[in-house]
> 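First the structure, then my questions, so here it is.
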Amino acid sequence: AKACDEQTAAVAREVATASLVLLKNQAHVLPITPAASVALVGSACSNPFLRGRPQWDVGDYYTLGGSGRVMSDEKVSSTVTQGLQAALKQGLISRLTIESSDKVSAALKAAKKADVVLTCGGATATESLDRPSLRLDQHQYLVELSEKLAATRGKKTPLVVVALTPGVFVADGWEPGASSVLAGFLLGQVQVHTPPTVCCCLSPAPPLWIFAWLPTLHRRRDEPSPTF
């Protein structure tokens, strides 16, 4: 059987969608309604899936680096941005403004006409090496964005953060300013379909995205962990 045929991909999408965990959802911001205008901001939402044969121990936001890594040569869509663009074409959101830089000023400008601001943060990992920090790569951007969005827009424009991670992460600084936090654990090449599926409630079984569980504990503060 071909590992990348449509039937296998459909199963992968179903598993990835069911594995997403909604860590926070104040005021029931998610699922996003079809009438909503969305500002998609931040570089992580457009971070590409590594294809071909890159260095064997390099990871990305969707797969783990190391000797057991399975590389895909398939030209598949592989970003949250592309997924939301597809959602727009299907009429699942009314308007989409994209700002793919990590400039907070540009994100705030995009947010002015939006009902919801959605951003992403990611982290990578590989075998034999410790991660230098449990914070997401875009940590400072997320902190500044959450603070300034709250100061300028208040509760008028809720912030949704999608975390694309290889394991534990800490959300100190930005979590209080986020209305919703969605966590995805190594979603693979089909991840393009999963955060948008959850955010726009496209899953054939919507309750799945509420009741999934992660095998890890995510901390709100970056501080020494107790010894167990």
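Side chains are part of it too, since the values below use all heavy atoms of this structure and drop only hydrogens, waters and symmetry mates.
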> Could you report the tightest heavy-atom contact between Phe185 and Pro166, atom names first, then the distance?
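The pair with the smallest heavy-atom distance is CE1-O, 3.0 Å.
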
> Measuring from Ser43:OG to Asp137:CG, what's the distance to the nearest 0.5 Å?
8.5 Å

> Roughly how far, to the nearest 0.5 Å, is CG of Leu40 from SG of Cys120?
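Nearest 0.5 Å value for the SG-CG distance: 6.0 Å.
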
> Does a side-chain heavy-atom distance below 4.5 Å link Thr124 with Tyr61?
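Yes; the side chains approach each other to less than 4.5 Å.
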
> If you look at every heavy atom in Val29 and Ser180, which pair is closest and at what distance?
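So the two residues come closest at CB-OG, 3.5 Å.
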
> Of the non-hydrogen atoms in Pro158 and Ser179, which two are nearest, and what is the gap between them?
CB-OG, 3.4 Å

> Identify whether Ile98 and Ile93 are in the same connected component of the hydrophobic contact network (ILVMFWY, side-chain heavy atoms under 4.5 Å).
yes

> Please report the interatomic distance CZ(Arg135) to CZ(Phe169), rounded to the nearest 0.5 Å.
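CZ of Phe169 is found 13.5 Å from CZ of Arg135.
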
> Ion pair present between Glu99 and Lys109, side-chain N to carboxylate O less than 4.0 angstrom?
no

> For the OG1 atom of Thr81 and the CG atom of Leu96, what is their distance to the nearest 0.5 Å?
8.0 Å

> Report yes or no: does Lys24 contribute a side-chain atom to a donor-acceptor pair with the main-chain N or O of Ala178 at less than 3.5 Å?
yes

> So do the side chains of Lys112 and Leu108 get within less than 4.5 Å of each other, counting heavy atoms only?
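A side-chain contact is absent here, since even the closest heavy-atom pair is not under 4.5 Å.
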
> Is there a side-chain contact (heavy atoms from CB on, under 4.5 Å) between Trp174 and Leu159 once you walk through the steps?
CA-CA 10 Å; Trp174 56 263; Leu159 175 65; over 6 Å; no

> Checking side-chain contact (heavy atoms from CB on, under 4.5 Å) against Leu30, which of Val160, Val116, Val181 comes through?
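Running side-chain contact (heavy atoms from CB on, under 4.5 Å) over Val160, Val116, Val181 with Leu30 returns exactly one hit, Val160.
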
> Which heavy atom of Ala107 sits nearest a heavy atom of Tyr141, and at what distance?
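Shortest heavy-atom separation between Ala107 and Tyr141 comes out as CB-OH, 3.6 Å.
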
> As an exercise, state the distance from CG of Leu136 to CD of Gln140, rounded to the nearest 0.5 Å.
12.5 Å

> What closest approach, in Å, do Gly177 and Ser146 show between heavy atoms, and which atom pair accounts for it?
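Minimum heavy-atom contact is CA-CB, 4.1 Å.
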
> Among Thr119, Leu23, Val117, Leu118, exactly one meets side-chain contact (heavy atoms from CB on, under 4.5 Å) together with Val161. Which residue is that?
Thr119

> What's the separation between atom NZ in Lys148 and atom CG in Leu145, rounded to the nearest 0.5 Å?
9.5 Å

> For a quick check under 3.5 Å, do Ser100 and Ser46 share a side-chain donor-acceptor pair by atom type?
no

> Show the nearest heavy-atom pair for residues Ala110 and Thr97, with the distance to one decimal.
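Taking every non-hydrogen atom into account, CB-CG2, 3.9 Å.
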
> Are His139 and Val170 packed together at the side-chain level, in the sense that at least one heavy-atom pair is separated by less than 4.5 angstrom?
no

> Do NZ/NE/NH1/NH2 and the carboxylate oxygens of Arg95 and Asp115 come within less than 4.0 Å?
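Salt bridge absent between Arg95 and Asp115.
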
